[in-house]
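Right, one structure below, let's go through it.
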Amino acid sequence: MNKVYLCFTYANSIYMNPFYIKALHIVFIVTWFSGLFYIVRLFIYTAEANEKPEPSRTILLEQLSLMTRRLWYGITWPSAVMTLIFGTWTYILFLNGSWPTWIVIKLCFVLGLYAYHLSLHVIFKQQAAGIFKFSSQQLRIWNEVATIFLIAIVMLAVVKESMSFVWALVALLLFIIMLMSAIRLYKYYRTAPKPPKGA
């Protein structure tokens, strides 16, 4: 009986303390972004494995397909759903239905992030069906979109009204330019002819 009472008291304290809800929201954001970052890497490896000769191609595709499916349905999708649930709950507890400017902008980025998530689901279904519409280089670029969303959402959530919208936009654009430049340099490094060994 005492154990039941203690469990009820603990559950009630979680419900009454909004910071537990906020903490769970952050936990699921972290696991969701982890899934988003890694799933595209698996898409890249799958696209590259598809270009390899047999029997390596079949062996790699089977292993990568298993890893991708487990990550997507076991971590990424559940985390996206739980982020939405606890994010809505956090909004109700902390903002009480108010709509400050920063939350409106943040929600626009969040909607964009869910659209990005759905675009990855399309790629996931295509690769599962043996359809490869995107090269590994195109997927590398698409992989960095999640980074842009992460920075924008975290900055808005933490800095809120103190953030200058214009300067934040300029900083985000500069970061995007740096990312694209880094991807181009990496492509150049990968495709540049290597000097012969012993030279």
Side-chain angles (χ1 to χ4, degrees), residues 24-91 104-154 156-157 172-173 175-191:
L24 287 170
H25 176 51
I26 293 170
V27 166
F28 284 112
I29 288 173
V30 171
T31 57
W32 184 24
F33 269 102
S34 298
L36 291 176
F37 285 128
Y38 192 46
I39 196 73
V40 187
R41 297 306 305 177
L42 291 177
F43 291 162
I44 292 167
Y45 300 149
T46 304
E48 292 176 346
N50 188 56
E51 298 173 355
K52 292 187 178 294
E54 295 290 358
S56 298
R57 177 181 178 275
T58 300
I59 295 170
L60 287 170
L61 287 179
E62 286 180 357
Q63 181 61 35
L64 288 166
S65 175
L66 178 64
M67 293 170 65
T68 304
R69 189 167 59 254
R70 287 178 175 174
L71 174 64
W72 192 238
Y73 289 125
I75 297 174
T76 315
W77 258 115
S79 297
V81 173
M82 298 307 290
T83 295
L84 181 61
I85 292 170
F86 284 105
T88 305
W89 199 346
T90 301
Y91 167 75
V104 174
I105 299 171
K106 179 191 169 186
L107 288 176
C108 289
F109 278 107
V110 171
L111 287 173
L113 182 60
Y114 275 97
Y116 175 75
H117 179 101
L118 293 175
S119 77
L120 297 186
H121 187 74
V122 171
I123 297 172
F124 167 76
K125 299 296 284 186
Q126 287 174 347
Q127 288 197 346
I131 301 168
F132 296 88
K133 290 188 175 182
F134 304 100
S135 67
S136 60
Q137 179 64 21
Q138 290 172 322
L139 290 169
R140 280 188 173 86
I141 295 171
W142 200 233
N143 191 33
E144 300 306 327
V145 174
T147 307
I148 297 167
F149 279 117
L150 176 62
I151 292 172
I153 291 169
V154 169
L156 283 163
L172 192 60
L173 288 173
F175 180 75
I176 293 169
I177 292 169
M178 288 173 58
L179 271 179
M180 295 302 106
S181 300
I183 291 169
R184 286 182 176 275
L185 284 172
Y186 179 69
K187 181 183 178 182
Y188 174 78
Y189 173 77
R190 288 179 71 243
T191 57

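- Checked by atom type and distance alone, the side chain of E54 pairs as donor or acceptor with a backbone atom of T58 at under 3.5 Å.
- Annotation for Y38: atom OH does not count as buried by contact number, only 12 or fewer foreign heavy atoms lying within 6.0 Å.
- S119 contributes a side-chain N or O that, together with a main-chain N or O of Y116, makes up a donor-acceptor pair within less than 3.5 Å.
- Looking only at side-chain heavy atoms (C-beta outward), Y114 and T83 come within less than 4.5 Å of each other.
- Closest non-hydrogen pair, T31 versus I75, comes out as O-CG2, 3.9 Å.
- Between F134 atom CZ and I44 atom CD1 the span is 12.5 Å, to the nearest 0.5 Å.
- Taking CD1 of I29 as the start and CD1 of I153 as the end, the distance is 7.5 Å to the nearest 0.5 Å.
- Note on ring orientation: taking the six-membered ring where Trp is involved, the planes of Y73 and H121 are perpendicular (angle over 60°, cut-offs 30° and 60°).
- Below 30°, between 30° and 60°, or above 60°: for W72 and H117 the angle between ring planes is below 30°, a parallel geometry.
- Looking only at side-chain heavy atoms (C-beta outward), F43 and N143 stay at 4.5 Å or farther from each other.
- You'll find the side chain of I148 stays beyond 4.5 Å of the side chain of F109, heavy atoms only.
- Contact record, F37 with A146: CE2-CB, 3.7 Å, taken as the closest heavy-atom pair.
- Taken from CG in L139 to CD in Q127, the straight-line distance is 6.5 Å, to the nearest 0.5 Å.
- In this structure a side-chain-to-backbone donor-acceptor pair under 3.5 Å is missing from R57 to A49.
- Closest of all the heavy-atom pairs between A47 and S136 is CB-N, 4.4 Å.
- Side-chain atoms of L66 and R70, non-hydrogen and from C-beta on, do get closer than 4.5 Å to each other.
- The OG atom of S65 lies 10.5 Å from the CG atom of L42; values are rounded to the nearest 0.5 Å.
- Contact check for W142 versus I123: side-chain heavy atoms found under the 4.5 Å cut-off.
- Of all heavy-atom pairs spanning H25 and T90, the tightest one is CB-OG1, 3.8 Å.
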Original post:
Can you check side-chain contact (heavy atoms from CB on, under 4.5 Å) on L84 and F28, steps first, answer last?
Top reply: CA-CA 9 Å; L84 181 61; F28 284 112; over 6 Å; no

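- From M82, atom CE reaches atom CH2 of W89 across 9.0 Å, with rounding to the nearest 0.5 Å.
- Annotation: the span from F149 atom CZ to L113 atom CG amounts to 6.0 Å, rounded to 0.5 Å.
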